J.: 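Next up is a structure, given as structure tokens.
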Amino acid sequence: MSKNVALVTGGMGGLGTAICKALAKEGYKVVANCLPDFPPKDEWLAKMKAEGFDVYAGEADVTNYEQCGVMVKKIEAEIGQIDVLVNNAGITRDGMFRKMEKSAWDAVLSTNLDSVFNVTHYILPAMAERGYGRVINISSVNGVKGQFGQANYSAAKAGILGLTKALAQEVAKKGVTVNAIAPGYIGTDMVMAIKEEVRDAIIATVPAGRLGKPEEIGDLCAYLASDKAGYITGATININGGLHMG
Ligand code: CAA
Ligand code: NAP
């Protein structure tokens, strides 16, 4: 299979950067999505180039369906057909449900779940038509097991699992696989934003005794994107140091 384009949403964040590098190492032309007018975009691209990764930027707010369409068309016209899509963009707005503002619910559902519809809807039909494609959705251990203080996030990440299984069935005969990765706690800004004592208490419950590394998620994405993983579809792959064994 010739390597075309891989699009990673939220591609300039902690996991996104590692996923972009892992896919670039496999020979894909990688496009890292970021918000429009993202100030550190050029700095991030320059840093990647200095490390030997020639990566492109694709600007769109993934909560905005129209912007996603414009981004996808631009990538297809200027870089090539998208064979691998990693729906990775996400945010947290943690808080106990009774204190949760409606805005925190809406922001998390639209960024973590609606975004998967917004981007995939423009890409999946073309993959199915060509008879090849890989969609990898980044869920979370907290979508699998639920988490205190994360009703919004757990709901969105669990929603991704249902969406993954439904889509996988629709395109399985077309050579397109759709899978979800459910990472545990990985050492990125998102996890470092948790209060230190709360974070330490969580790490103490991880059988592996440590946070995961972004590269460990990147490598799993590269495997799921590869031809070798063609018979894996509709799966939820847990990668959490034993925190939750599904
Ligand atoms: N189970 C049961 N009770 C808990 C609890 C838990 N897991 N965590 C806290 N509590 C209890 C506390 O003991 C406390 O009880 P008392 O009132 O009786 O003392 C009460 O709930 C309130 O706890 P806090 O003082 O911590 O409340 P807060 O309002 O300051 O903070 C919170 C609430 C923001 C949800 C905070 O507990 C928190 O940050 N928790 C971690 C949430 C989390 O795991 N977020 C993951 C972010 S990273 C990510 O999401 C990536 C990924 O996919 C893994
Ligand atoms: P991160 O460093 O905060 O990265 C998230 C990325 O998403 C950022 O680049 C962010 O851009 C981008 N983003 C947010 N809203 C966006 C929007 N509307 N449009 C486009 N991009 C947007 O966090 P991370 O840890 O790498 O998380 C990546 C994914 O993994 C998320 O879906 C997260 O839920 C999931 N996950 C993380 C962990 C973990 O432990 N870290 C565990 C399980 C799952 P800005 O920086 O510009 O906001």
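Numbering of ligands and ligand atoms starts at 1, following listing order. Note that the coordinates shown come from a computational prediction; the quantities given were computed from them, not determined experimentally.
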J.: Is the shortest distance from atom 19 (O) of ligand 1 to a protein heavy atom below 4.0 Å?
T.: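 Protein heavy atoms within 4.0 Å of atom 19 (O) of ligand 1 - there are none.
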J.: Quick check: does K157 get an N/O under 3.5 Å from an N/O on ligand 2?
T.: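 Among all N and O atoms of K157, at least one is under 3.5 Å from an N or O of ligand 2.
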J.: Counting heavy atoms only, which part of L15 comes closer than 4.0 Å to ligand 2: side chain, backbone, both or neither?
T.: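 The answer is both.
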J.: Is atom 5 (C) of ligand 1 near the protein, in the sense that some protein heavy atom lies at less than 4.0 Å from it?
T.: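 True for atom 5 (C) of ligand 1.
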J.: Under 3.5 Å between some N or O of ligand 2 and some N or O of M12?
T.: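 N/O-N/O distance below 3.5 Å does not exist for this pair.
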J.: C221 and side chain to side chain contact (heavy atoms under 4.5 Å, CB included): which single residue from I138, N179, I237, V84 fits?
T.: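 Filter result, single survivor: I138.
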J.: State if A182 counts as touching ligand 2 under the rule of any non-hydrogen atom under 4.0 Å.
T.: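 It does not, in that no heavy atom of A182 comes within the 4.0 Å cut-off of ligand 2.
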J.: Counting both backbone and side chain atoms, is some N or O of K195 under 3.5 Å from an N or O of ligand 1?
T.: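 Among all N and O atoms of K195, at least one is under 3.5 Å from an N or O of ligand 1.
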J.: Please state which protein non-hydrogen atom is closest to atom 44 (C) of ligand 2 and give its distance, to 0.1 Å?
T.: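 Scanning the protein heavy atoms, the shortest distance from atom 44 (C) of ligand 2 goes to S139 O, 3.1 Å.
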J.: Are any of the heavy atoms in L35 under 4.0 Å away from ligand 2?
T.: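 Yes.
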J.: Below a 4.0 angstrom heavy-atom separation, can you tell me which part of I202, side chain or backbone, both or neither, approaches ligand 1?
T.: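 The side chain, only.
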J.: Which residue owns the protein heavy atom closest to atom 34 (C) of ligand 1, what's the atom, and how far is it?
T.: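 I find the closest protein heavy atom is D94 CB, 4.2 Å.
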J.: Could you tell me the residue and atom name of the protein heavy atom closest to atom 22 (C) of ligand 2, and the distance to it rounded to 0.1 Å?
T.: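 For this ligand atom, the closest protein heavy atom is A89 CB, 3.9 Å.
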J.: Please report whether atom 23 (O) of ligand 1 has a protein non-hydrogen atom at a separation of less than 4.0 Å.
T.: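 Looking at atom 23 (O) of ligand 1, one finds that no protein heavy atom lies closer than 4.0 Å.
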J.: Heavy atoms only, cut-off 4.0 Å: how does T9 contact ligand 2, side chain, backbone, both, or neither?
T.: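 Neither; nothing of T9 gets under 4.0 Å from ligand 2.
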J.: Looking only at protein heavy atoms, identify the closest one to atom 14 (C) of ligand 2 and say how far it is in Å.
T.: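 Protein heavy atom at minimum distance: I91 CG2, 3.8 Å.
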J.: Would you check, one step at a time, whether the test side-chain contact (heavy atoms from CB on, under 4.5 Å) holds for Y56 with C20?
T.: CA-CA 10 Å; Y56 305 80; C20 286; over 6 Å; no
J.: Go through ligand 2 atom by atom and flag the ones less than 4.0 Å from a non-hydrogen atom of Y185.
T.: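 Here the atoms of ligand 2 in question are 40 (O).
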J.: Give me the residue, atom name and distance of the protein heavy atom closest to atom 4 (O) of ligand 2.
T.: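 The protein heavy atom lying closest is G13 CA, 3.6 Å.
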J.: Would you indicate which of I160, D61, V8 comes nearest to atom 18 (N) of ligand 2 when only heavy atoms are counted?
T.: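 Of the listed residues, D61 has the closest heavy atom.
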J.: So which heavy atom in the protein is nearest atom 34 (O) of ligand 2, and how far is it from that ligand atom?
T.: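 Of the protein heavy atoms, Y153 OH, 2.6 Å lies nearest.
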J.: Would you mind checking which non-hydrogen protein atom is closest to atom 15 (N) of ligand 2, with the distance to 0.1 Å?
T.: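 Looking at atom 15 (N) of ligand 2, the protein heavy atom closest to it is T111 CG2, 3.4 Å.
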J.: Considering only protein heavy atoms, which is closest to atom 50 (O) of ligand 1, and at what distance to one decimal place?
T.: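 Heavy-atom neighbour on the protein nearest atom 50 (O) of ligand 1: Q150 NE2, 2.8 Å.
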J.: Heavy-atom distance from atom 36 (C) of ligand 1 to the protein below 4.0 Å?
T.: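 So atom 36 (C) of ligand 1 lacks protein heavy-atom neighbours under 4.0 Å.
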J.: Tell me which one of Y185, Y153, F97, F148 gets a heavy atom nearest to atom 3 (N) of ligand 1.
T.: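 That would be F148.
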J.: Taking N or O atoms only and a 3.5 Å limit, does V62 qualify as a polar contact for ligand 2?
T.: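 V62 vs ligand 2: N/O contact under 3.5 Å present.
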J.: Among R199, M192, E197, K99, which residue places a heavy atom closest to atom 29 (O) of ligand 1?
T.: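 Closest candidate by heavy-atom distance is K99.
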J.: Look at atom 24 (P) of ligand 2 and say which protein heavy atom is nearest, naming residue and atom and giving the distance to 0.1 Å.
T.: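 Checked against all protein heavy atoms, atom 24 (P) of ligand 2 sits closest to T188 OG1, 3.7 Å.
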J.: Taking the basic N atoms (NZ, or NE/NH1/NH2) and the acidic carboxylate oxygens, is any pair closer than 4.0 Å for R130 and D83?
T.: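 Salt bridge present between R130 and D83.
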J.: Contact between A60 and ligand 2, counting heavy atoms under 4.0 Å?
T.: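 Contact present.
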J.: Is the contact between P214 and ligand 2 made by the side chain, the backbone, both, or neither, using heavy atoms and a 4.0 Å cut-off?
T.: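 Answer for P214: neither.
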J.: Would you please determine whether G184 falls within less than 4.0 Å of ligand 2 on a heavy-atom basis?
T.: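 Right, G184 reaches ligand 2.
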J.: Please say whether I138 places an N or O atom under 3.5 Å from an N or O atom belonging to ligand 2.
T.: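 No, since none of the N or O atoms of I138 sits under 3.5 Å from an N or O of ligand 2.
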J.: For atom 39 (O) of ligand 1, state which one of I91, I194, N240, D189 supplies the nearest heavy atom.
T.: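 Result: the heavy atom closest to atom 39 (O) of ligand 1 is in I194.
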J.: Applying a 4.0 Å heavy-atom criterion (strictly less than), which segment of V141 is in contact with ligand 2: side chain, backbone, both, or neither?
T.: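 Neither; nothing of V141 gets under 4.0 Å from ligand 2.
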J.: In terms of the angle between their ring planes, are W105 and F97 parallel, tilted or perpendicular, with boundaries placed at 30° and 60°?
T.: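 Geometry flag for F97 against W105: perpendicular rings.
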J.: Yes or no, since that's all I need: does a protein heavy atom fall within a distance strictly under 4.0 Å of atom 26 (O) of ligand 1?
T.: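 Answer yes: something from the protein, a heavy atom, is under 4.0 Å.
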J.: With a sphere of 6.0 Å drawn around CD of E196, does it hold more than 12 non-hydrogen atoms of other residues, nucleotides or ligands?
T.: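 No, because the 6.0 Å sphere around CD of E196 holds 12 heavy atoms or fewer from other groups.
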J.: Quick one: look up the protein heavy atom nearest atom 40 (N) of ligand 1 and list residue, atom name and how far away it is.
T.: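 Sorting protein heavy atoms by distance from atom 40 (N) of ligand 1 puts V198 CG1, 3.6 Å first.
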J.: Can you tell me the protein heavy atom closest to atom 47 (O) of ligand 2 and the distance?
T.: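 Ranked first by proximity to atom 47 (O) of ligand 2 is F38 CE1, 3.0 Å.
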J.: Counting heavy atoms only, name the option from N88, V108, V191 that's nearest to atom 32 (O) of ligand 2.
T.: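 The residue whose heavy atom sits nearest atom 32 (O) of ligand 2 is N88.
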J.: I'd like to check which ligand 2 atoms, numbered from 1 as shown, lie under 4.0 Å from a non-hydrogen atom of G90.
T.: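 In order of numbering, the contacting atoms are 5 (C), 7 (O), 14 (C), 31 (C), 32 (O).
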J.: What atoms of ligand 2 come within less than 4.0 Å of a heavy atom belonging to N33?
T.: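 Contacts of ligand 2 toward N33, numbered from 1: 20 (C), 21 (N).
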